[in-house]
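Every chain is numbered from 1, with letters handed out A, B, ... down the list of sequences.
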Amino acid sequence: AQSVSQHNHHVILSEAASLELGCNYSYGGTVNLFWYVQYPGQHLQLLLKYFSGDPLVKGIKGFEAEFIKSKFSFNLRKPSVQWSDTAEYFCAVNARYNNDMRFGAGTRLTVKP
Amino acid sequence: KAGVTQTPRYLIKTRGQQVTLSCSPISGHRSVSWYQQTPGQGLQFLFEYFSETQRNKGNFPGRFSGRQFSNSRSEMNVSTLELGDSALYLCASSLGVAGSTDTQYFGPGTRLTVL
């Protein structure tokens, strides 16, 4: 079964700083990759997803992620964070056509105004 | 379009009791998945239902069960509650089977506290 690891538990940045959150997965087959965000008091929302094609995926709110197959990685990036990006970010993967969605432990992002 | 709804939003039970949680997917969605979220274990997959059939099940004891109705609404049942079952239970729906290219949309969750 696949597993997902997120490298950072808590990241603290100042506004306008650049963000990169690491995500690695272990699975030998074809996977679907996701980043979800959970704002304080709100439910999980999809930021972006990768199924195939261009490995650089653009999502909502200026986020993007790059799939590097050789490194089994799907890192999330944003060039300039805002205070409103304060939230918990989850990387998730499932094997194609098999829902056993595995989530990483999550990274809590705090953006200081 | 209305999102995924879950009822109740909060629940307090005592050890040994059983509980039933409900999830109404987005209209037209046929797949419903359930997850447990705890501070220690994070988000863990419980099971997925598609067209009233359980397609996949996570690594949880048999006390956790579910079902899906013909209108795609789903219920999750936990019997003989234990303190460790205290968690946020999330439901997610998608148009097609989970694992396809369809996005899963999550509900707000049911916060279960077991005393």
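Note that OG of B:Ser94 and CE of A:Met101 are 8.5 Å apart. Values are rounded to the nearest 0.5 Å. Note that CD of B:Glu48 and CG of A:Asn94 are 9.5 Å apart. Values are rounded to the nearest 0.5 Å. With values rounded to the nearest 0.5 angstrom, B:Leu88 atom CG is found 12.0 Å from A:His43 atom NE2.
B:Leu83 and B:Tyr89 fall within the same hydrophobic cluster, defined by Ile, Leu, Val, Met, Phe, Trp and Tyr side-chain heavy atoms under 4.5 Å apart, directly or through other members. In the hydrophobic clustering of ILVMFWY residues, with side-chain heavy atoms under 4.5 Å counting as a link, A:Leu21 and A:Tyr39 come out together. B:Ile12 and B:Leu21 fall into different hydrophobic clusters, defined by Ile, Leu, Val, Met, Phe, Trp and Tyr side-chain heavy atoms under 4.5 Å apart, directly or through other members. Using a 4.5 Å cut-off between side-chain heavy atoms of Ile, Leu, Val, Met, Phe, Trp and Tyr, with links allowed through other members, B:Phe60 and B:Met76 fall into the same hydrophobic cluster. At a threshold of 4.5 Å between side-chain heavy atoms, the hydrophobic network of Ile, Leu, Val, Met, Phe, Trp and Tyr places B:Tyr10 and B:Val78 in two separate groups.
Here the side chains of B:Gln37 and A:Phe103 are not in contact, with every heavy-atom distance at 4.5 Å or above.
Contact of A:Gln38 with chain B is made through the side chain alone, with heavy-atom distances under 4.5 Å. Neither the backbone nor the side chain of B:Leu46 has a heavy atom closer than 4.5 Å to any heavy atom of chain A. Contacts between A:Leu44 and chain B at a heavy-atom distance below 4.5 Å involve backbone atoms as well as side-chain atoms.
In A:Arg108, the CZ atom is not crowded: 12 or fewer heavy atoms of neighbouring residues, nucleotides or ligands sit closer than 6.0 Å.
For the ring pair (Phe, Tyr, Trp, His ring centres under 6.0 Å) test with B:Phe106, the passing option among A:Phe90, A:Phe34, A:Tyr36 is A:Tyr36; the others fail.
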